[in-house]
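Reading through the structure tokens given below for one structure.
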Amino acid sequence: MDVVIPVAVALLAALGLLYPLVRPPLLALDDGGGPWSKLAALEERKLLIYGAIRETSFDFRTDKVGEEDYRHEIELLKNQAIEVVAEIEALRNQVPHATKSLEKSISTARQRLLQAERDASEAATDHATPAGLTAAGTTSVAAASFCTSCGHATAPEDRFCAACGAGLKAT
């Protein structure tokens, strides 16, 4: 029994270490069609090249590779990386951009929303009297929509100001 647990742990650790070596490549899960699969393949290739550059630099720093071989290998890897990045940019530029009419309709909708917000805030300030009282001497609903401590706009159902935390009087 004392041997079973360490052996099981060792087997699980070995399987965990070997899984990345035997798992299917990420690109095999793709359907293989369209620009996105090619873009994914190029991105993976770019990462592999970057890893090779780091590995070669490490080998040079640890004196596993001579300076001439290092410079030659790095130059090749950099050229490959430049080619891959250029292909990635070319693919990304092929993706259709939003049409001018769509951009214009979004801009128009944003302007309408901003105008509606401005109109609502102007209406709230226009209805409030300076002293917060109506002609009959009672507190108005519009005056109750602002904090008496800091002047921040509040909702009628709020009990505390969101800006300063002051208690709001019930109307």
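Computed over heavy atoms, backbone and side chain alike; hydrogens, waters and symmetry mates excluded.
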Side chains of residues 78-91: which donor-acceptor pairs under 3.5 Å do they make with residues two or more places apart or in other chains?
from  : atom 1 : to    : atom 2 : distance (Å)
Asn79 : ND2    : Glu75 : O      : 3.3

Can you give each donor-acceptor pair under 3.5 Å made by side-chain atoms of residues 49-63, sequence neighbours left out, with the distance rounded to 0.1 Å?
from  : atom 1 : to    : atom 2 : distance (Å)
Thr56 : OG1    : Ala52 : O      : 2.8
Ser57 : OG     : Ile53 : O      : 3.0
Thr62 : OG1    : Phe58 : O      : 3.0
Thr62 : OG1    : Asp59 : O      : 3.2

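One hydrophobic cluster, built from ILVMFWY side chains closer than 4.5 Å, cannot hold both Leu15 and Val7; they sit in different ones.
Under the side chain to side chain contact (heavy atoms under 4.5 Å, CB included) criterion, Leu114 pairs with Glu117, Arg118, sequence neighbours left out. In this structure His152 satisfies the side chain to side chain contact (heavy atoms under 4.5 Å, CB included) test together with Cys150, Cys161, Ala163, sequence neighbours excluded. Applying the side chain to side chain donor-acceptor pair (under 3.5 Å) criterion to Glu43, with sequence neighbours excluded, gives Lys46, Arg92. With sequence neighbours excluded, the residues that form a side chain to side chain contact (heavy atoms under 4.5 Å, CB included) with Asp69 are Val65. When the side chain to side chain contact (heavy atoms under 4.5 Å, CB included) test is applied to Ser107, the partners found at least two apart in sequence or on another chain are Gln111. Remark: Glu67 engages Arg71 in a salt bridge (charged side-chain N to carboxylate O under 4.0 Å, His left out) (not counting sequence neighbours).
Across all non-hydrogen atoms, the minimal contact from Pro6 to Asp2 is CD-O, 3.0 Å.
Other residues, nucleotides and ligands place no more than 12 heavy atoms under 6.0 Å from the CD atom of Glu68.
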